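All figures in this text were calculated on a predicted structure; none of them were measured in a lab. Each ligand, and each atom within it, is numbered from 1 in the order the structure gives.
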Amino acid sequence: MRTEREFKYQFETGIYRPPSEGGSYSLLVRFTRNCPWNQCTFCGMYKEEKFSFRSAEEIKSDIDAINAFCLDLIALSVELGFRGEINRAVIMELIQREPLLNNHSGLIMVLNWLYAGGKTAFLQDGNSPGMQTETLVEVLKYLRETFPSLERVTSYARSKTLARKSQEEWKDIQAAGLDRLHVGLESGDDALLKKIKKGVTGREHIDGGKKAMEAGFQLSEYWMPGLGGIEGWEAHARNTAKVLNAINPHYIRSRPFVPSPGTPIFEEFSSGANRTLSGEEQLKELKLMIETLEVHSKVCFDHAGNYWLNRKGHLLFTQDYEGYRFPEEKARVLALIDEGIEAQKINPRNINYNFML
Ligand code: SF4
């Protein structure tokens, strides 16, 4: 009987990727496992999981397995008379010949990637640029050589990691094929960053972000509306905008706070020590943040948590991955926020229940 490792198409797939990478059907390639920090009080993503690096050999073996799967599909398509087209008949035949594919967690992900043209890849998990630079560069080059159709390769990265590595290292990593970094900024307010145990200060967010920009990465910064609750909303909004002004990243993405059961912050909010913002309060916080924002960035509401509705009951903001261009569309976004606040006054329960459920 074959062991799992001898399975020709064996490769690991993690769970998480940013919404924009899901939307572009990125190939998920696991460079590290889980999160090396794992202390943020609002985050339950990798809570029960231990961080580990993966060796260059392991990652290359995964890339080879994905490549073998793609090449075998094409060869089978030709054999069956479909001239390379990957359709249901081809996929079913390959599964018939290799039944272990039935239980493969990455099968649909790779098929979606192929159907989308094989253009983008995302390096899992939480902070893969923290790998030893030499190994990261080696494996990135291998990924790019194996899949020349790739036009964009992205990864999550911590600001602390961005600040720690030298500019030369980042330039090498960028030249090896990593294009875009998704950074969990969450807040620019030092008191709140400390409280949520982000392990980074506003200053370090700025240093890391600027370094990434100077090295030539596309930089995507995620902030978390509502994270300070009623206690800290004002400082959160103001200082987040100030830190983002200093970084001036390509993308600013809103991922609103929802206390998740099982996380330490959930206890704080359920004990009554703080409380979550109402829909109207959330929009007032957002208004202050946007008013203070002076950037040349795309401001995006592409996470399902951006659920505010307008008077007609439609989503207030587009959830497009390219969002609103600032400063050109700043006035438009502020007008939308005012409309959302008015809608909340008419009906305070005016939120998207599809998301809440
Ligand atoms: S760094 Fe990111 S993945 Fe890690 S605990 Fe914090 S929010 Fe979660």
Side-chain angles (χ1 to χ4, degrees), residues 12-22 26 28-54 122-131 136 154-165 178 180-209 211-212 217 219-229 232 236 240 243-244 247 249 251-269 276 300 302-306:
E12 285 190 26
T13 308
I15 297 172
Y16 300 103
R17 81 288 178 274
S20 54
E21 301 304 328
S26 289
L28 306 180
V29 191
R30 203 173 198 191
F31 273 36
T32 57
R33 297 185 188 96
N34 310 311
C35 170
W37 175 247
N38 218 7
Q39 294 186 45
C40 302
T41 62
F42 60 88
C43 174
M45 292 205 298
Y46 307 106
K47 272 289 169 283
E48 306 304 322
E49 309 295 336
K50 203 166 171 273
F51 174 77
S52 61
F53 288 109
R54 304 188 73 209
F122 176 72
L123 314 184
Q124 294 181 304
D125 282 339
N127 186 38
S128 288
M131 288 167 67
L136 180 57
T154 68
S155 174
Y156 280 134
R158 295 192 68 225
S159 290
K160 197 95 172 182
T161 303
L162 292 176
R164 178 172 54 79
K165 288 199 183 196
L178 184 58
R180 182 178 292 181
L181 297 170
H182 296 279
V183 175
L185 179 108
E186 325 306 358
S187 179
D189 182 57
D190 279 340
L192 183 55
L193 286 168
K194 192 172 176 196
K195 193 172 169 191
I196 61 164
K197 297 191 179 164
K198 189 67 196 173
V200 65
T201 61
R203 183 70 251 168
E204 286 168 322
H205 270 322
I206 294 170
D207 291 346
K211 207 181 247 186
F217 288 101
L219 184 62
S220 189
E221 298 271 1
Y222 287 79
W223 80 288
M224 197 167 268
L227 185 59
H236 175 43
T240 298
V243 166
L244 286 167
I247 300 171
Y251 293 92
I252 295 169
R253 300 186 194 272
S254 159
R255 181 174 50 184
F257 168 63
V258 177
S260 301
T263 58
I265 209 167
F266 184 82
E267 303 309 318
E268 179 198 341
F269 279 81
T276 51
C300 309
D302 56 353
H303 189 279
N306 295 285

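D125 pairs in a salt bridge (charged side-chain N to carboxylate O under 4.0 Å, His left out) with only one of the listed residues (R54, R30, R158, R33), which is R30. Considering Y156, F51, Y16 as possible partners of Y46, the one that fulfils the ring-ring contact (aromatic ring centres under 6.0 Å, His included) test is Y16.
Protein N/O/S atoms closer than 2.8 Å to atom 6 (Fe) of ligand 1: C40 SG.
Annotation: side chain of F217 is not in contact with side chain of L162 (no heavy-atom distance under 4.5 Å).
Close contacts of ligand 1 with Y46, meaning ligand atoms under 4.0 Å from a residue heavy atom, involve 3 (S).
Salt bridge present: R203 and D207 bring a charged side-chain N and a carboxylate O closer than 4.0 Å.
Residue contacts with ligand 1 for F42 involve side-chain atoms from C-beta outward but no N, CA, C or O (heavy atoms, distance under 4.0 Å).
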Could you walk me through whether Y222 and Y251 pass ring pair (Phe, Tyr, Trp, His ring centres under 6.0 Å), step by step? CA-CA 8 Å; Y222 287 79; Y251 293 92; 9.7 Å; no

Take M224 and L185, measure what side chain to side chain contact (heavy atoms under 4.5 Å, CB included) needs, and give me the verdict at the end. CA-CA 8 Å; M224 197 167 268; L185 179 108; over 6 Å; no

Verify ring pair (Phe, Tyr, Trp, His ring centres under 6.0 Å) between F42 and F269, making sure each step is shown before the conclusion. CA-CA 11 Å; F42 60 88; F269 279 81; over 10 Å; no

